[in-house]
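Lettering follows sequence order; numbering is per chain, from 1.
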Amino acid sequence: MQQMGKRYNFEEIESRWQKYWEDKKLYKTVEREDKEKYYVLEMFPYPSGALHMGHVRNYSIGDVVARFKRMQGYNVLHPMGWDAFGLPAENAAIKHGTPPSQWTWQNIANMKQQLKTLGLSYDWDREIATCHPDYYRWTQWIFLQLYHNGLAYKAKAPVNWCPSCCTVLANEQVVGEGRCERCGTIVKKRDLEQWFFRITNYAEELLRDLDKLPGWPEKVKIMQRNWIGRSEGVEINFRTEEGDPIPVFTTRHDTVFGATYLVLAPEHPLVEKLIRGTEFEKPVREFVEKVRQMDYIQRTSTELEKEGMFTGAYAVNPLNNEKIPIWVANYVLMEYGTGAVMAVPAHDQRDLEFAKKYGLPIKIVVQPKEGEKLDEGSLKEAFAEEGISVNSGLISGLPTAEAKEKIADYIEEKGLGKRKVNYRLKDWLISRQRYWGAPIPIIYCDRCGIVPVPEKDLPVYLPEDVEFKPTGESPLKYRSDFLNTTCPECGGSAVRETDTMDTFVCSSWYFLRYTSPHEKDRPFDKEKVDYWMNVDQYIGGVEHAILHLMYARFLTKVLRDLGYVSVDEPFQNLLTQGMVLKDGAKMSKSKGNVVTPEEIISEYGADTARLFILFAAPPERDLEWSDEAVEGCYRFLNRVWRLVTRYTDDLKEIRDYNEILLNTSEEKNFNRLMHATIKKVTEDIEKRFNFNTAISAVMEFVNGTYDYIENTQSENLNLPLLKKAFTNLILLMAPFTPHIAEELWVRIGNEPSVHEQSWPKYDEEALKTQMVTMIVQVNGKVRGRMEVSVDTSEEEIKEKAMELENVKNHIKGKKVLKAIVVPNKLVNFVVK
RNA sequence: GCGGGAGUGGCGGAAUUGGCAGACGCGCUAGACUUAGGAUCUAGUGAGCAGUGCUCGUGGGGGUUCAAAUCCCUUCUCCCGCACCA
C-alpha cells in the first residue's frame, strides 16, 4: 500500500465534509422571495435493501442539477424519500419471518446511509416514507376526496389477477404479453368487485395537456398518447330482428353500407340470449367457453387464427334495413368499444380474412380515388384507405372525409346513433388484496352499505405486528381488531375493507408532500405547494413512462379541480435516464454482472463513482460499465489533487486575483482557455444536460493548466492567474465531485463552503483572439492551414492561402473557378 | 405490422448552425524516472501506401452541395415501446 500515500485520501475527506455539510444543514431549504425557486426531483426509490448503480446514476444526475442551480442563485428544493409500501416487504416477511414494517424501516436506514456516502445534497429534514401513518393518512384522505367527488367507485368487472402475487393489477401493470409487471407471471381474468379511480374522466385532458410539456421526451408523450388511445367515430344502433339493441362503435361509419355481418365478442351479454333454445346453443356455448379458457397471450396474439361461429340470429342495419347474420368471434374484444362490431370485409383486413374463411359476403362501398377499381371477386386485401363512397345511398360519390361527416349527421338526425369518442384508457383499478399498503378507508355496514371513514378518524392504521399464513391471503382478513369496527353512520357493528391501495396511489402525490412534509392537519400547505410547484426538473427511469407518470398527472389534475393545487401538470421537464449495463446487459444477479455502489465507493470514493457515471455517457443513453474507465476517473481526480495541492502554499496568501495582468502569450492563451471552459461547462449543463462533455472540457482545462505550468519557468508563473484558474476549476467541479472540490477550495485559502459560491461567469472579451487558424481546402479537401488575424479581408485570405506550398501544388495547372470563404474558419478553392 | 431511438477507431463516446471526422477518457505502443511499477511524466495511436504527403474512411447503395456523420431517397442491422383498438 506504499502508493496510497501518493493518492488523495478520499475516505477521510468525504466523510469529514459529509459530516460538516450535515452539521451546518447546508442543504436545508426554506421558501424565500428573494430568489427564484427551482424544484429538482428524482424518482424516490423503493427501499429494497441496497442501492444499485441505477440509483447512483439517477441521483448523481439530480445532484449535479441541484448543485448547479443553487450556485446559479436559485432557491433549490431537492428532497428525498421512500416509496415504502409494496410486495417485496411481504415476500421477505414470509421468507424470513420479519414483519414488513421492520424489514422496510431497516432497509430505509441502510439505504439512507448509502445515499449519504454519495454526498447528495438533499434536504433530509423533508424526508418522507409512504408507509408512515403521517403520510398514508393523507393518501387515505385523497382517496376520500375522490370518493366524495364521484371519482372513486366500487364495481364488479373482469380484472387482471396475478396468481403469483395473489392480487389484482391495473391495466397499466400488465406488461408485454399479458404478464404481471412485477413478477412476470401471466395474469388471469377474474370477475371481482374492486375499487377504481375514474381516470377516464380525465382522458381528454391527459391527452391534450401533453402538448403543454415541451420539456418531456417525445417518446414518453407518444407512449402516453398511445395508451390513452383516443379515436373518433360513431356509435351506430344496430338491433336484432327481435328488437334487442346492439350498438357498435366504428371509426369508418362511411362504410356502414358495406356491413355484411355483425360480430359479438364471446363475452358479449347478448350472446346467451340469442342462442338460448336454438340449435346453435350448444356449439356456440362450447366455442365461447374455448375462447374464454385461453390465456392472455394466446388470446391477444396476432398469430391467432380468426375463428367464429354463427349464432343463428340476424341483425338489422339501421341505415338500409338490410338483414345481416350475427356471429361470435375471437377477434372481437369485449373491453373495447361496445364489444360488438359491424363487419365490413371489403374495407377491413380482419373482417376480410374472416369473411373469406366462412364464406360471408363482401361488398365494396369505397373505391380508390385513382387507379384500378376494386372488384368483389378478386379482392385480395381489404381497401382500408380513404376513397370515394359507392353503393352507399346518400353518401355515394363523396370522398371519405365528407361521407363520414354527412352520414354521421344523418345518423344523429334520425336517432340511429351518435358521434362518440372512444378511449383505450380504462379506469384505474386501485384495490390490492395485499397487506403492506395504505388501507382503503371504507367501512361496510349491513344497514348503511358502503360508508367512507370520516376524515376525523384517519388514519386507518395498518396493524404492524402481523402473522402471515401460507395461503397468500392478506393477514388483515384475520385481524378482528382491524376488521371489526362500528359504522360511522348508524353506530352498528360493521367491518372494514381489507384491501389496500395500489402503491402507485402513494407515489402519485409525494412530490406535493415534500413542499410541507410536517403538516399535521392537511396533506400539504397550499401556499407552499403553490410556491414550489411544479417540479422544474424530474429525473427517473423510462419504465415509468405510463404508470407513475400518468397517475401522477391524473391526481394532480384532480387535486387542482378540488382546489388544493394550482398547477395543471406536476412535472415541467422530464429527463429519462438510460440503464446501467455491464457486458451489454442490464446488471442482474442471475447474469452475475453486478457491480455494487458500495464496492466502488469503498475502493475509489463517491466522487470517482459520480464522476465516472456522469462522464461515461450522456444521461438519456444506456451506460456501459467499465472498471478501467472508473480507474481513469480516479486518476483524473488524483491528477487534479496533485496539481492544486502542489501550489496551495503559494496560493493561500494571494487575495487579489480578480484583476489579472496578462503578460505573455502563454498567459493570454491560458486565460482564454479558462473562460472558454467556463462557457462550455455552463452551456453543456444548462442547455443539454450533457455532463459527459462538460467533464471532458474540465479535463481539457486541467491538461491546459499542466501545459501552462510546464511551459513557464516556475519563478515566472503568474500566481494570481493560477489562483483564479484553480478557483474556477474547483467551482466547475463542485456539482460533479463535491467532496474533493470542497477540500481543495479550503486548501487554496477559502472558507467553506464551495457549494455556497456563485457559479463562475466567463468574460466574452477574454474569449476573443487576434489570430485564428484557418483551414485551406482545394475541392473540399484539406490541403493546409494558416494563421491569420481575425479582421483579414477575404481578398487577403485568398491570396495568403494560394501561397501555401501544398495548396500551390494542388492548384498548379488548373483553373480556379471559385473560392468560398467562411470567415475565421476555412477557405475552399474550387478548381478544374 | 405500427411507432420511437440508434448504427462513428480495439472500447465508452465527441463533432451544438452543413465547414478540420475521431474532442475527452479507456486500452495499446515506445521512452523517461525507478530496486520495483498495476504510480507518475513524455511522445505516439482510424486504415492503407508509405516516410510528413497521398488515398480511403462515420452500417450499405444512390443523390443534393464548393463542402455531408449532419440534408434527401433507398436499403440493412440492433434496441425499446405498442400490437386484432373496430
Side-chain angles (χ1 to χ4, degrees), chain A residues 2-7 175-177 217-223 225-227 229-231 233 248-252 255 263 299-304 306 329-333 335-344 347-351 353-354 384 422-424 542-543 545-546 579 584 611-612 615-618 620-633 635-636 638-639 642 680 683-684 687-688 690 692-700 702-703 706 710 773-783 785 806 809-810 817-820 822 825-831:
Chain A
Q2 198 181 341
Q3 67 263 41
M4 286 306 285
K6 295 181 185 170
R7 300 297 191 93
V175 297
E177 305 160 310
E218 207 52 44
K219 175 191 170 83
V220 172
K221 289 191 279 186
I222 287 166
M223 282 167 75
R225 279 190 199 107
N226 267 333
W227 189 260
R230 183 185 197 274
S231 60
V248 303
F249 176 74
T250 177
T251 55
R252 286 303 300 269
T255 64
V263 196
R299 182 79 188 267
T300 57
S301 162
T302 7
E303 317 282 272
L304 182 69
K306 287 176 184 36
N330 61 357
Y331 73 95
V332 175
L333 308 168
E335 301 92 83
Y336 187 76
T338 62
V341 301
M342 63 176 206
V344 185
H347 306 293
D348 182 288
Q349 189 57 32
R350 295 155 301 176
D351 296 343
E353 283 169 31
F354 194 80
N422 221 316
Y423 299 92
R424 244 163 356 205
V542 74
E543 66 274 16
I546 293 170
M579 289 188 295
L611 188 68
F612 165 73
F615 177 60
E620 323 78 50
R621 282 234 283 231
D622 286 349
L623 178 154
E624 176 68 29
W625 186 268
S626 157
D627 291 325
E628 291 83 5
V630 173
E631 189 87 37
C633 287
R635 266 202 306 257
F636 170 72
N638 277 294
R639 193 164 144 83
R642 285 192 306 272
K680 168 95 176 134
E683 289 177 356
D684 279 355
K687 293 187 181 162
R688 314 191 299 162
N690 277 9
N692 55 331
T693 50
I695 291 165
S696 82
V698 173
M699 289 172 167
E700 283 179 83
V702 170
N703 293 343
Y706 270 101
E710 298 269 324
T773 305
M774 284 187 71
I775 299 303
V776 184
Q777 297 181 334
V778 179
N779 284 343
K781 295 205 161 84
V782 182
R783 299 302 181 191
R785 54 200 70 210
N806 197 36
N809 291 339
H810 283 90
L817 301 175
K818 207 176 358 169
I820 291 121
V822 182
K825 276 196 175 152
L826 65 77
V827 51
N828 185 14
F829 295 108
V830 185
V831 303

Examine [N]: is either OP1 or OP2 under 4.0 Å from a nitrogen or oxygen in the side chain of [X]? Give yes or no.
X: A:Lys825; N: B:G19; answer: no
X: A:His810; N: B:C54; answer: yes
X: A:Arg688; N: B:A15; answer: yes

[atom1] atom, [N] versus [M]: distance in rounded Å?
N: B:C82; M: B:C73; atom1: P; answer: 29 Å
N: B:G7; M: B:U70; atom1: C1'; answer: 14 Å
N: B:G10; M: B:U45; atom1: C1'; answer: 11 Å
N: B:C72; M: B:A68; atom1: P; answer: 15 Å
N: B:C20; M: B:A67; atom1: C1'; answer: 12 Å
N: B:G57; M: B:G9; atom1: C1'; answer: 10 Å
N: B:G25; M: B:U75; atom1: P; answer: 42 Å
N: B:G22; M: B:U29; atom1: P; answer: 24 Å

| Does the side chain of A:Arg639 reach to within under 4.5 Å of the side chain of A:Tyr706, using non-hydrogen atoms? | yes
| request: Determine whether A:Tyr336 and A:Val341 make a side-chain contact, defined as any pair of heavy atoms from C-beta on separated by less than 4.5 Å. | output: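 SC-SC contact between A:Tyr336 and A:Val341 ruled out.
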Whole angstrom is fine here: how far is it from [atom1] in [X] over to [atom2] in [N]?
X: A:Arg424; N: B:A83; atom1: CZ; atom2: P; result: 7 Å
X: A:Glu631; N: B:G27; atom1: CD; atom2: P; result: 8 Å
X: A:Glu624; N: B:G27; atom1: CD; atom2: P; result: 15 Å
X: A:Lys687; N: B:U17; atom1: NZ; atom2: P; result: 10 Å
X: A:Arg621; N: B:A6; atom1: CZ; atom2: P; result: 8 Å
X: A:Gln349; N: B:C85; atom1: CD; atom2: C1'; result: 16 Å
X: A:Met223; N: B:A83; atom1: CE; atom2: P; result: 10 Å
X: A:Lys221; N: B:G5; atom1: NZ; atom2: P; result: 12 Å

How would you label the contact of [X] with the nucleic acid (heavy atoms, under 4.0 Å): base, sugar-phosphate, or nothing?
X: A:Asn809; value: nothing
X: A:Val830; value: sugar-phosphate
X: A:Val332; value: base
X: A:Asp351; value: nothing

| task | Could you give me the CA-CA distance, side-chain angles and deciding distance for A:Asn779 and A:Val830, then say whether side-chain contact (heavy atoms from CB on, under 4.5 Å) is met? | result | CA-CA 5 Å; A:Asn779 284 343; A:Val830 185; 3.9 Å; yes
| request: State which residues pass side-chain contact (heavy atoms from CB on, under 4.5 Å) with A:Glu218; sequence neighbours excluded, sorted by chain then number. | output: A:Lys221, A:Ile222, A:Arg225
| Partner residues of A:Ala694 under the side-chain contact (heavy atoms from CB on, under 4.5 Å) criterion, sequence neighbours left out |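 If we apply the side-chain contact (heavy atoms from CB on, under 4.5 Å) test to A:Ala694, skipping adjacent residues, the hits are A:Val681, A:Asp684, A:Ile685, A:Phe736.
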| task | Classify every nucleotide of nucleotides 20-25 of chain B by which part a protein heavy atom approaches to under 4.0 Å, writing B for the base, S for the sugar-phosphate alone and - for neither, in 5'-to-3' order. | result | B--BBS
Could you please name the partner base of [N], counting Watson-Crick and G-U wobble pairs only when both distances are under 3.5 Å?
N: B:G53; value: B:C49
N: B:U17; value: none
N: B:C2; value: B:G81
N: B:U70; value: none
N: B:A43; value: B:U29

Taking the side chain of [X] as heavy atoms from C-beta outward, which of [options] is closest to it?
X: A:Arg642; options: B:A86, B:C80, B:C41; answer: B:C41
X: A:Asp684; options: B:C56, B:U16, B:C84; answer: B:U16
X: A:Lys818; options: B:C66, B:G12, B:C80; answer: B:C66

| query | Hey, which of these two, A:Val822 or A:Leu623, hits RNA chain B nearer its 5' end, going by closest nucleotide? | reply | A:Leu623
| request: Specify the residue among A:Glu683 and A:Arg783 whose closest nucleotide of RNA chain B lies further upstream toward the 5′ end. | output: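 First, find each residue's nearest nucleotide; the 5'-ward one identifies A:Glu683.
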Working to the nearest 0.5 angstrom, can you tell me the gap between [X] [atom1] and [Y] [atom2]?
X: A:Phe636; Y: A:Asn703; atom1: CZ; atom2: CG; result: 8.0 Å
X: A:Thr255; Y: A:Met342; atom1: OG1; atom2: CE; result: 3.5 Å
X: A:Asn690; Y: A:Ile695; atom1: CG; atom2: CD1; result: 10.5 Å

| Syn or anti: how is B:G9 classified when any glycosidic angle within 90° of 0 counts as syn? | syn
| field | Minimal non-hydrogen separation, A:Val263 against A:Tyr331, with atom names | value |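 For A:Val263 versus A:Tyr331, the nearest heavy atoms are CG2-OH, 3.8 Å.
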| message | Show the nearest heavy-atom pair for residues A:Gly584 and A:Glu624, with the distance to one decimal. | response |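 For A:Gly584 versus A:Glu624, the nearest heavy atoms are N-OE1, 3.1 Å.
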